[in-house]
Amino acid sequence: MKTRVRFAPSPTGFLHIGGARTALFNWLYARHTGGTFVLRIEDTDVARNSQEAVNVILNGLRWLGLDWDEGPISGDATGPSKGDYGPYFQSQRKENYQRRVEALLSHGLAYEDQGAIKFKMSREPIVIPDLVVGEVRRELTDREQADPDFVIVRSDGQPVFHLVNVVDDLEMNITHVIRGEDHLSNTAKHIALFRAFGVEPPRYAHIPLILNSDGTKMSKRDKGASLTSYMEEGYAPEAVLNYLCLLGWSPKNNREKLSLSEVVEMFDLPQILRHNARFDLTKLTWLNGEYLREMDTERFYELAVQALGRAGLDTTRYPVEYVKAALDTCKGKFKLFSELPAYGGFYFKDEVQYDPEAAKRDFTPENRPRLARLRDALSRLEPFEPDPIGHTLKAVAQELGVKPAVLVHPTRLACCGNTAGPSLYHLLAVLGKTRVLQRLDKALAVIG
RNA sequence: GACCCUAUCGUCUAGCGGUUAGGACACCGCCCUUUCACGGCGGUAGCAGGGGUUCGAGUCCCCUUAGGGUCGCCA
């Protein structure tokens with residue numbers, strides 16, 4: 001039988017990083033087995049539903065590149081979808097739930113209680129066969145001992161999660177339920193429901209949770225809990241995806257950087273780790289740097305321009321060739337696009353702001369004549385290119401009897417405003433003689 | 001309160017009865033170097049604790065401890 005898995009998020013206006021990882025593992029398993037990845041929107045909670053909230057999920061999955069074989073095409077619950085098991089919004093599946101509830105009622109497996117409908121839950125422990133955790137024998141808690149039955153339809157007529165989730169999985173022919181471990185205890189209810197409908201439940205695989213770096217639960221308020229924050233910080237989706245693969249799963253061959261197709265090849269449910277993992281932003285950032293370094297230049301250019309735009313730096317004011325040359329000197333030198341404005345923003349500003357500490361150290365009275373001497377030499381330099389610039393600087397340094405670094409630091413500060421940046425000779429060449437002389441003149445004036 | 005899951009360097013992990021406990025991030029040195037990075041070399045650091053089983057335990061069992069999850073007319 002063909003594998004059918006699903007990712008079934010609730011549209012809350014937020015895509016949790018753990019949810020993204022759940023989606024990824026489902027997607028990986030579908031691709032590994034040649035099965036079908038279904039996206040189903042669990043929008044039963046009408047109070048907090050909106051098309052916008054659904055779009056957050058769709059956009060997040062699309063950004064990651066996790067394409068679904070069946071599911072909605074847009075955030076519109078009544079809009080078009082793909083697949084033969086629709087609709088894929090629970091808000092559009094009311095009749096199914098009603099029909100199923102009536103069946104339970106007529107078989108005496110459910111009953112009305114104070115306007116709500118409750119399911120007659122098993123009084124015996126239920127064994128949950130789990131592909132990740134193993135066989136779990138779920139005993140009743142003390143509260144469940146007192147009343148094991150649970151509500152499946154609220155008194156306002158709305159069916160609840162446990163019911164709709166099971167009905168949909170059943171009717172959509174889901175073969176494997178891969179979800180967060182927070183659902184493990186509830187799975188007993190789901191299994192009982194499947195049996196009440198006269199079918200065997202799907203196979204379950206409960207994956208460990210992602211925790212904050214301090215080991216506490218990652219809640220909506222925590223920084224980094226939302227996928228959107230990574231999209232906005234300028235992470236590359238392939239890096240985020242790669243990092244997420246390494247949380248709770250391992251290729252076992254000491255490799256860290258893996259292409260998605262390699263993971264698809266190797267991925268399987270039984271090797272998923274059983275313990276929770278802490279989210280290590282530093283390692284993700286390192287991995288992102290690895291991806292940026294190897295990113296093809298066109299894509300780097302595109303993402304870099306976006307990042308500069310977000311920081312209010314308008315690259316369209318400059319010739320395309322200038323922008324590309326400028327970005328070439330920055331590529332591979334930082335790990336996050338959000339670092340770019342500070343790193344290479346000087347290319348796209350009319351005035352540079354000097355780092356106060358550096359200015360105090362490098363814009364000294366004794367450096368003024370040295371800088372003036374270099375300015376003079378550069379003004380006569382032709383062509384204004386990296387190698388000649390380097391030779392000129394070294395020659396001037398030698399004439400002055402100082403190390404090149406004595407000239408390098410104030411020159412960099414004058415042209416970039418800070419102490420870290422692209423190769424000095426290359427950045428000067430890209431800026432061009434006119435801008436460089438202007439900036440040196442300004443610095444000389446500042447030094448006084 | 002009850003029930004369930006989990007436990008190897010600070011973090012992510014390899015290990016599936018016999019290993020000098022391996023790798024990666026981070027950190028610390030040294031080298032490279034026009035800054036910052038990259039890269040190269042080296043280093044610090046771990047089997048939560050206690051009982052068993054076994055000739056032999058990080059690996060199997062039990063207890064404790066710790067962390068996480070669940071017990072809703074939320075999903």
Side-chain angles (χ1 to χ4, degrees), chain A residues 8-12 42-45 47-48 90 113-118 125 128 130 132-134 136-148 150-162 164-165 180-189 206 208-209 211 213-218 243 246-257 273-287 289-290 293 330 332-335 339 343 358 362 386 389-390 393-394 397 403-409 411-413 416 418-428:
Chain A
S10 177
T12 59
E42 305 221 332
D43 57 343
T44 52
D45 188 359
R48 60 182 183 187
Q90 289 186 329
D113 180 38
Q114 303 200 54
I117 297 172
K118 293 179 86 170
I128 305 162
D130 192 282
V132 172
V133 187
V136 177
R137 183 185 162 90
R138 174 60 223 280
E139 304 279 347
L140 302 212
T141 68
D142 52 0
R143 286 180 173 185
E144 289 165 341
Q145 296 274 9
D147 177 16
F150 59 93
V151 172
I152 52 176
V153 180
R154 297 195 280 250
S155 50
D156 64 2
Q158 289 292 324
V160 308
F161 165 75
H162 299 300
V164 298
N165 191 266
E181 195 202 79
D182 49 337
H183 288 293
L184 182 57
S185 292
N186 282 330
T187 303
K189 290 178 179 163
H206 287 92
L209 270 21
L211 271 26
S213 58
D214 63 358
T216 57
K217 179 186 176 183
M218 202 181 250
Y243 179 70
L246 264 20
L247 243 36
W249 178 84
S250 164
K252 301 181 191 293
N253 56 188
N254 283 347
R255 290 187 55 206
E256 310 288 329
K257 191 161 179 281
L273 274 301
R274 275 169 275 271
H275 58 266
N276 296 341
R278 300 182 187 201
F279 197 90
D280 185 356
L281 190 61
T282 310
K283 185 157 183 176
L284 166 61
T285 304
W286 163 76
L287 202 50
E290 295 292 300
R293 193 165 299 116
C330 299
K333 308 266 287 180
F334 55 87
K335 294 176 176 154
E339 297 172 41
Y343 191 85
D362 294 324
I389 290 171
L393 185 140
K394 283 170 186 162
K403 289 193 209 168
V406 172
L407 290 175
V408 165
H409 293 293
T411 304
R412 174 181 296 283
L413 185 60
C416 310
N418 49 39
T419 56
S423 157
L424 181 65
Y425 308 150
H426 288 83
L427 79 85
L428 293 181

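Quick caveat: nothing in here was measured; it's all calculated off a predicted structure. All heavy atoms count here, side chains included; hydrogens, waters and symmetry mates do not.
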If you measure from the [atom1] atom in [N] to the same atom in [M], how many Å do you get, rounded?
N: B:C63; M: B:C25; atom1: P; result: 40 Å
N: B:A26; M: B:C12; atom1: C1'; result: 11 Å
N: B:U8; M: B:A48; atom1: C1'; result: 11 Å
N: B:U53; M: B:A45; atom1: P; result: 33 Å
N: B:C16; M: B:U11; atom1: C1'; result: 23 Å
N: B:G18; M: B:C5; atom1: C1'; result: 31 Å
N: B:G15; M: B:A24; atom1: C1'; result: 16 Å
N: B:G43; M: B:G23; atom1: P; result: 10 Å

Pick base, sugar-phosphate or nothing for [X], based on heavy-atom distances below 4.0 Å to the nucleic acid.
X: A:Thr282; value: sugar-phosphate
X: A:His162; value: base
X: A:Phe334; value: nothing
X: A:Ile117; value: nothing
X: A:Lys252; value: sugar-phosphate
X: A:Gly421; value: base
X: A:Gln145; value: nothing
X: A:Glu256; value: base
X: A:Leu273; value: sugar-phosphate
X: A:Asp182; value: sugar-phosphate
X: A:Gly289; value: nothing

Checklist entry - Checking side-chain contact (heavy atoms from CB on, under 4.5 Å) for the pair A:Lys283/A:Glu256: CA distance, chi angles, key distance, verdict? => result CA-CA 10 Å; A:Lys283 185 157 183 176; A:Glu256 310 288 329; 3.0 Å; yes
Next on the checklist: Within the structure provided, determine whether A:Ile152 and A:His162 are in side-chain contact (heavy-atom separation under 4.5 Å).
Outcome noted: no
Checklist entry - With side chains defined as the heavy atoms from C-beta onward, is the minimum distance between A:Thr187 and A:Val136 less than 4.5 Å? => result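 Of all side-chain heavy-atom pairs linking A:Val136 with A:Thr187, none is under 4.5 Å.
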Does OP1 or OP2 of [N] have a side-chain N or O of [X] closer than 4.0 Å?
X: A:Lys333; N: B:C38; result: no
X: A:His275; N: B:U13; result: yes
X: A:Arg143; N: B:U70; result: no
X: A:Arg278; N: B:A26; result: no

Distance-only donor-acceptor test (3.5 Å): side chain [X], base [N]:
X: A:Ser185; N: B:C3; result: no
X: A:Tyr343; N: B:C36; result: yes
X: A:Lys335; N: B:A37; result: no
X: A:Asp142; N: B:G1; result: yes

Taking the minimum atom-to-atom distance to the side chain of [X], which one of [options] wins?
X: A:Leu211; options: B:G68, B:G69, B:C12; answer: B:G68
X: A:Ala277; options: B:U6, B:C74, B:U13; answer: B:U13
X: A:Asp280; options: B:G10, B:C3, B:U6; answer: B:G10
X: A:Leu209; options: B:C25, B:G1, B:G69; answer: B:G69
X: A:Thr44; options: B:C73, B:A75, B:C3; answer: B:A75
X: A:Ala420; options: B:A75, B:C36, B:C4; answer: B:C36

For the student: nearest non-hydrogen atoms of [X] and [Y], plus distance:
X: A:Ala188; Y: A:Arg138; result: CB-CG, 3.8 Å
X: A:Gln145; Y: A:Pro148; result: O-CD, 4.2 Å
X: A:Tyr425; Y: A:Val408; result: OH-CG2, 4.5 Å
X: A:Arg274; Y: A:Val132; result: NH1-O, 2.8 Å

Could you list all N or O pairs between the protein and nucleotides 30-34 of chain B that sit under 3.5 Å apart?
unit_1	atom_1	unit_2	atom_2	d
B:U34	O2	A:Leu424	N	3.1
B:U34	N3	A:Ser423	OG	3.2
B:U34	O4	A:Ser423	OG	3.2

Using Watson-Crick or G-U wobble geometry with both distances under 3.5 Å, which nucleotide pairs with [N]?
N: B:G72; result: none
N: B:A66; result: B:U6
N: B:G18; result: B:C55
N: B:A24; result: B:U11

Item to check | First encountered from the 5' end of RNA chain B, between A:Thr419 and A:Arg255 | outcome: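 The answer here is A:Arg255.
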Checklist outcome for this item: Heavy-atom nearest nucleotide on RNA chain B taken for A:Pro9 and for A:Ser250; more 5' hit belongs to A:Ser250
Checklist entry - Under the 3.5 angstrom rule, does the side chain of A:Tyr243 hit a backbone N or O of A:Phe279 as a donor-acceptor pair? => result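 A pair under 3.5 Å: no.
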Item to check | NZ (A:Lys403) with more than 12 external heavy atoms under 6.0 Å | outcome: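 It does not: A:Lys403 NZ has 12 such atoms or fewer within range.
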Checklist entry - Roughly how far apart are A:Leu184 CG and A:His206 NE2, rounded to 0.5 Å? => result 5.5 Å
Next on the checklist: Using 30° and 60° as the class boundaries, would you call the ring planes of A:Tyr343 and A:Phe334 parallel, tilted or perpendicular?
Outcome noted: tilted
Item to check | Separation of B:C3 P from A:Lys189 NZ (nearest whole Å) | outcome: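 Taking NZ of A:Lys189 and P of B:C3, I get 16 Å after rounding.
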Checklist entry - Taking O4'-C1'-N9-C4 for purines and O4'-C1'-N1-C2 for pyrimidines, is B:C25 syn (within 90° of 0) or anti? => result anti
